[in-house]
2 protein chains.
Amino acid sequence: MSKGKVIVVAAPSGCGKSTIINAILEAGDLDLRFSVSATTRPPRPGEKDGVNYYFMSEEQFRDAIAEGEFIEYEEVYPGRFYGTLRSDVDRIINEGHNIVLDIDVNGALGVKEIYGPDAITVFIEPPSVAELRHRLESRGTESPEVIDERIDRAEYELSKAPLFDRRVVNDQLERAIHDVHNLIDGFTSL
Amino acid sequence: MSKGKVIVVAAPSGCGKSTIINAILEAGDLDLRFSVSATTRPPRPGEKDGVNYYFMSEEQFRDAIAEGEFIEYEEVYPGRFYGTLRSDVDRIINEGHNIVLDIDVNGALGVKEIYGPDAITVFIEPPSVAELRHRLESRGTESPEVIDERIDRAEYELSKAPLFDRRVVNDQLERAIHDVHNLIDGFTSL
């Protein structure tokens with residue numbers, strides 16, 4: 001059994017990343033898994049450790065951060081952490097499955113450093129910053145100031161695009177889905 | 001000239017807060033201002049210091065954080081900060097204008113501690129956590145895991161609702177806008 005591959009998809013907020021990933025997963029023709037996240041949230045009834053999440057105490061989680069065991073993590077409010085364990089990614093690829101990681105731009109580049117040629121990093125771009133601003137504004141749910149911060153962050157993230165293995169412009173959703181699908185299909189068939 | 005009032009509106013993500021605030025500002029019958037944010041972003045052509053933003057160096061910004069000069073701040077990517085200066089809020093209310101602060105739940109409670117009876121804190125609630133989950137899911141743009149994290153954070157924020165001066169349930173948007181408008185109108189007329 002050959003080892004699986006790591007596919008990392010990153011994009012500025014509002015570029016349609018989740019829509020593209022969901023469409024590819026729903027197509028169902030590629031062997032793609034998601035990782036099981038670790039969290040300090042207590043299990044809800046029926047949730048199983050290692051299936052829904054890896055449930056950890058705050059102390060365990062902080063220790064794992066200090067040991068560099070996370071590919072990425074986030075503190076969603078004080079004391080409440082979510083993260084992706086490197087050991088979980090290793091488990092999935094060692095079982096021969098491919099894994100999709102939906103993480104931020106800096107996290108994506110970190111994954112490439114760890115997994116090298118076993119990983120492909122894909123950057124989803126908006127057609128232009130002006131178009132991204134238009135998309136965020138047309139949602140009508142954010143204040144101008146929040147939009148300004150998003151654009152600022154997007155420009156920072158776009159400055160990292162040349163460091164990715166592949167870039168896909170989401171100017172037409174169906175084509176972008178098709179392109180990302182083919183990229184993954186090609187890479188996982190190597 | 002009497003001093004202006006501070007209105008703080010907070011809500012879990014997806015509860016319609018920005019939509020409600022925008023509708024009230026567009027109605028235009030209340031004397032409401034926004035603060036001018038401070039940022040480490042360089043000015044764009046045509047932007048004026050103190051009008052569009054207070055432009056600060058990263059060192060100035062970090063010093064201001066250390067001195068407790070910010071009501072709230074955020075690092076949108078490494079080295080790029082945005083925040084609300086207490087001195088700016090003071091300036092606006094000392095000029096006799098009311099100010100609306102659109103900040104997070106913990107930030108809102110901090111503002112109340114600073115401004116006491118000159119501030120009112122308003123919490124916008126979803127009809128239920130199940131309804132909030134439904135709203136986030138029907139957008140179709142977030143992964144199940146991101147939705148799970150949002151819900152977790154929302155539950156944490158909802159646990160703080162009893163600490164707010166007023167609570168408004170956004171089960172019907174027009175009524176919620178009406179209720180928040182009336183709350184602000186009543187408070188600023190005191």
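Predicted model, so just to flag it, every value in this text is computed and none were measured. Below, all heavy atoms of this structure are taken into account, side chains as well, without hydrogens, waters or symmetry copies. First the proteins, then the strands, lettered A, B, ... as listed; each starts at 1.
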Is the [atom1] atom of [X] crowded by more than 12 outside heavy atoms at less than 6.0 Å?
X      : atom1 : result
A:R91  : CZ    : yes
B:Y156 : OH    : yes
B:H97  : NE2   : yes
B:H181 : NE2   : yes

Given heavy-atom pairs under 4.5 angstrom as the criterion, report whether the side chain, backbone, both or neither of [X] touches chain A.
X      : answer
B:Y82  : side chain
B:E157 : neither
B:Y53  : side chain
B:R80  : side chain
B:D148 : both

Practice problem: For chain B, find which of A:T39, A:D152, A:D104 contributes the most heavy-atom pairs closer than 4.5 angstrom. | Solution: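 Max contact count across the listed options: A:D152.
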
Can you hop from [X] to [Y] via hydrophobic side chains spaced under 4.5 Å?
X      : Y      : result
B:I92  : B:I71  : yes
B:V129 : B:F164 : yes
B:Y77  : A:L132 : no

Exercise. Give, for atom OG of B:S35 and atom CD of A:E145, the distance between the pair rounded to the nearest 0.5 Å.
Key: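 Taking OG in B:S35 and CD in A:E145, the distance rounds to 6.0 Å.
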
Quiz prompt | Straight-line distance of A:R41 CZ to B:R153 CZ, nearest 0.5 Å | solution =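 If I round to the nearest 0.5 Å, the distance is 15.5 Å.
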
Exercise. Identify whether the distance between the nearest side-chain nitrogen and carboxylate oxygen of A:R44 and B:E155 falls below 4.0 Å.
Key: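 Salt bridge flag = yes for B:E155 with A:R44.
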
